[in-house]
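Remember, it's 1-based here, ligands and their atoms both numbered in the order they're listed.
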Amino acid sequence: MNGNFTFHNPTRLHFGENAMAFLADELAAFGPTVQLCYGGGSIKKNGIYDQVVAALKAAGKTVVEDGGVMPNPTLEKLLDGAAKAKANNVDLILAVGGGSTIDYAKAVSVSAWCEEDPWQKYFTRFEEPTCRLIPVGSVLTMVGTGSEMNGGSVITNHAANLKVGKVFGPAVFPKFSILNPRFTLTVPRRQMVSGIYDIMSHILEQYFSGTDDNTSDYIAEGLMRSLVVSSRAAVKNPENYEARSNIMWTATWALNTLIAMGKSTDWEVHMLGQAVSALTDATHGMTLAAVSLPYYRLIKPYGLRKFARFATNVWGVSADGKSDDQIADEGLAALEAWMREIGVAMNITELGATEAMIPQLVKATFRLNGGYKQLTEEEVAEIFRQSL
Ligand code: NZQ
Ligand code: ZN
């Protein structure tokens with residue numbers, strides 16, 4: 001490990017079938033008014049809403065309803081929610097849902113008392129909050145983003161054709177998160193698979209960077225191996241609790257800052273995917289899957305040894321008598337076969353993108369420099385062409 005770092009993750013997690021029993025204790029630590037954020041209604045159908053409201057009532061809380069958080073939450077929704085939080089002087093924002101709802105709750109937390117335009121401050125200038133923050137807690141119902149234990153918040157500004165993620169520091173992480181794998185069993189198959197690929201992409205994008213011998217990379221390999229085994233089992237039988245619970249725990253550790261410690265990270269696949277989402281509103285994990293293989297095949301020569309290591313350590317590719325290039329190709333072929341097996345989107349056309357959109361997609365793609373190669377605009381365009 002060559003890096004210097006401080007690791008601090010303040011989120012308290014309650015995991016397992018009995019995790020909801022801890023919500024009462026957590027609620028007791030906050031004042032009387034709770035903004036209850038949730039999505040388009042899945043929690044009303046599967047009974048999670050009733051359980052949460054019962055806990056809030058038992059704790060004597062006044063509930064400020066804030067439903068209708070859409071997948072890929074928008075700036076308009078954020079501004080409405082922030083106004084609501086301020087007007088009701090809420091003491092806690094309780095997000096019940098997936099990454100969209102939790103990301104939104106964090107954005108409301110930093111925007112409610114912000115004197116400036118939140119889009120400009122956080123999602124354009126990437127500044128840290130300087131105002132009073134409203135604490136956030138979460139009950140996770142959909143697995144993938146890691147939002148339950150990190151500072152990420154991704155907001156879509158349709159007027160600007162941009163989807164932008166801001167990574168806030170520990171003050172904005174959820175104070176607590178309730179992780180009951182049973183709550184995820186009603187997630188539709190396509191959404192489950194999208195979440196699985198999102199997890200894989202988070203790990204890959206922290207793994208494919210750096211050249212030192214780094215413990216973070218060994219942890220990443222272990223997480224990927226667990227994910228491959230559990231995802232296969234979950235796709236065969238989505239009711240498999242053991243598989244679903246492993247996936248839930250893997251997702252949390254894939255993006256709670258741990259495996260980024262002491263190394264550089266790439267994140268270009270997320271930049272490419274977010275551009276696709278900004279223009280098509282497609283499901284997050286699917287946008288990542290659709291651009292990944294052209295991206296990795298393009299950068300492979302610049303990080304060849306790591307791609308060969310990925311093949312042997314994650315996919316069990318035999319290295320005997322082969323060049324690094326051959327081994328690396330077999331690793332990417334194994335990744336592709338797994339993607340097809342679990343059923344992710346393999347191109348951006350099926351997500352609604354067209355060739356005519358490529359100039360706009362290129363414009364919406366941030367080109368980062370933490371990976372093995374910083375892309376040129378022409379390379380970004382080429383990746384999108386190959387992803388059609
Ligand atoms: O809205 P409802 O009705 O709840 O339905 C949701 C939504 O349609 C449904 N769902 C969630 N739990 C369910 C369920 N349906 C049935 N049963 C349940 N138990 O699933 C759909 C997708 O939910 P969403 O929250 O959008 O999914 P996800 O968790 O993948 O979040 C995606 C958002 O997170 C951002 C993405 O960009 C995207 O905006 N990300 C956040 C990150 C972070 N905080 O660090 C990092 C990620 O890379 C990602 O960028
Ligand atoms: Zn993601």
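- Taking any N or O of Phe183, backbone or side chain, at least one lies under 3.5 Å from an N or O belonging to ligand 1.
- Atom NE2 is the N, O or S atom of His270 at the shortest distance from the Zn ion (ligand 2).
- Note on ligand 1: His202 sits in its first shell, one or more heavy atoms being nearer than 4.0 Å.
- The Zn ion (ligand 2) is closest to atom NE2 of His202 (considering only N, O or S atoms).
- More than 12 heavy atoms of other shown residues, nucleotides or ligands fall within 6.0 angstrom of atom CD in Glu127.
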Next item on the list: Go through Tyr218 and Asp213 one step at a time and tell me if the side chain to side chain donor-acceptor pair (under 3.5 Å) criterion holds.
Entry: CA-CA 9 Å; Tyr218 294 91; Asp213 185 38; 2.6 Å; yes
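- At least one N or O atom of Gly40 sits closer than 3.5 Å to an N or O atom of ligand 1.
- Among Asp103, Thr156, Ile199, the residue whose heavy atom lies nearest to atom 43 (C) of ligand 1 is Asp103.
- Both tests do not hold together for Lys300 against Phe307: distance to the six-membered ring centre under 6.0 Å, angle to the ring axis within 45°.
- Between the CG atom in Asn9 and the CG atom in Leu258 there is a gap of 9.0 Å [rounded to 0.5 Å].
- Under 4.0 Å is where a charged nitrogen must lie from a carboxylate oxygen, and between Arg125 and Glu116 at least one such pair does.
- For the Zn ion (ligand 2), the nearest N, O or S atom contributed by Asp198 is named OD1.
- Under 4.0 angstrom from ligand 1, there are no non-hydrogen atoms of Val143.
- Heavy atoms of Ser194 found under 4.0 angstrom from ligand 1: none, in either backbone or side chain.
- Side-chain N/O atoms of Gln274 and Thr287 include no donor and acceptor closer than 3.5 Å.
- Under 4.0 angstrom from ligand 1, the non-hydrogen atoms of Val187 come from both its backbone and its side chain.
- Ligand 1 has an N or O atom lying under 3.5 Å from an N or O atom of Gly152, backbone or side chain.
- Within the 4.0 Å heavy-atom cutoff, Asp198 counts among the residues contacting ligand 1.
- With 3.5 Å as the limit, one finds a donor-acceptor pair spanning the side chains of Trp338 and Ser231.
- At least one N or O atom of Ser147, backbone or side chain, sits closer than 3.5 Å to an N or O atom of ligand 1.
- Assignment of Gly146 to the shell around ligand 1 is not supported, since no heavy atom sits closer than 4.0 Å.
- Between Pro73 and ligand 1, no pair of N/O atoms sits closer than 3.5 Å.
- Within the 4.0 angstrom cut-off, atom 41 (C) of ligand 1 has one or more protein heavy-atom neighbours.
- In this structure, a donor-acceptor pair under 3.5 Å is absent between the side chains of Asn256 and Asn150.
- Looking at ligand 1, you won't find any N or O of Gly39 less than 3.5 Å from one of its N or O atoms.
- The distance from ligand 1 to the heavy atoms of Asn150 drops below 4.0 Å at these ligand atoms: 43 (C), 44 (N), 45 (O).
- When heavy-atom distances to ligand 1 are checked against a 4.0 Å cut-off, Leu255 comes that close only through its side chain, counted from C-beta outward.
- Geometrically, Lys306 engages Tyr207 in a cation-pi contact defined by less than 6.0 Å to the ring centre and at most 45° from the axis.
- Within the 4.0 Å heavy-atom cutoff, Ser201 does not count among the residues contacting ligand 1.
- Both tests pass for Lys166 against the ring of Phe168: distance under 6.0 Å to the centre and angle within 45° of the axis.
- A perpendicular orientation is assigned to the rings of Tyr38 and Tyr49, their planes being inclined by more than 60° (bins at 30° and 60°).
- Among Lys163, Met142, His284, Met286, the residue whose heavy atom lies nearest to atom 50 (O) of ligand 1 is His284.
- If you check the side chains of Thr186 and Asn46, you find a donor sitting under 3.5 Å from an acceptor.
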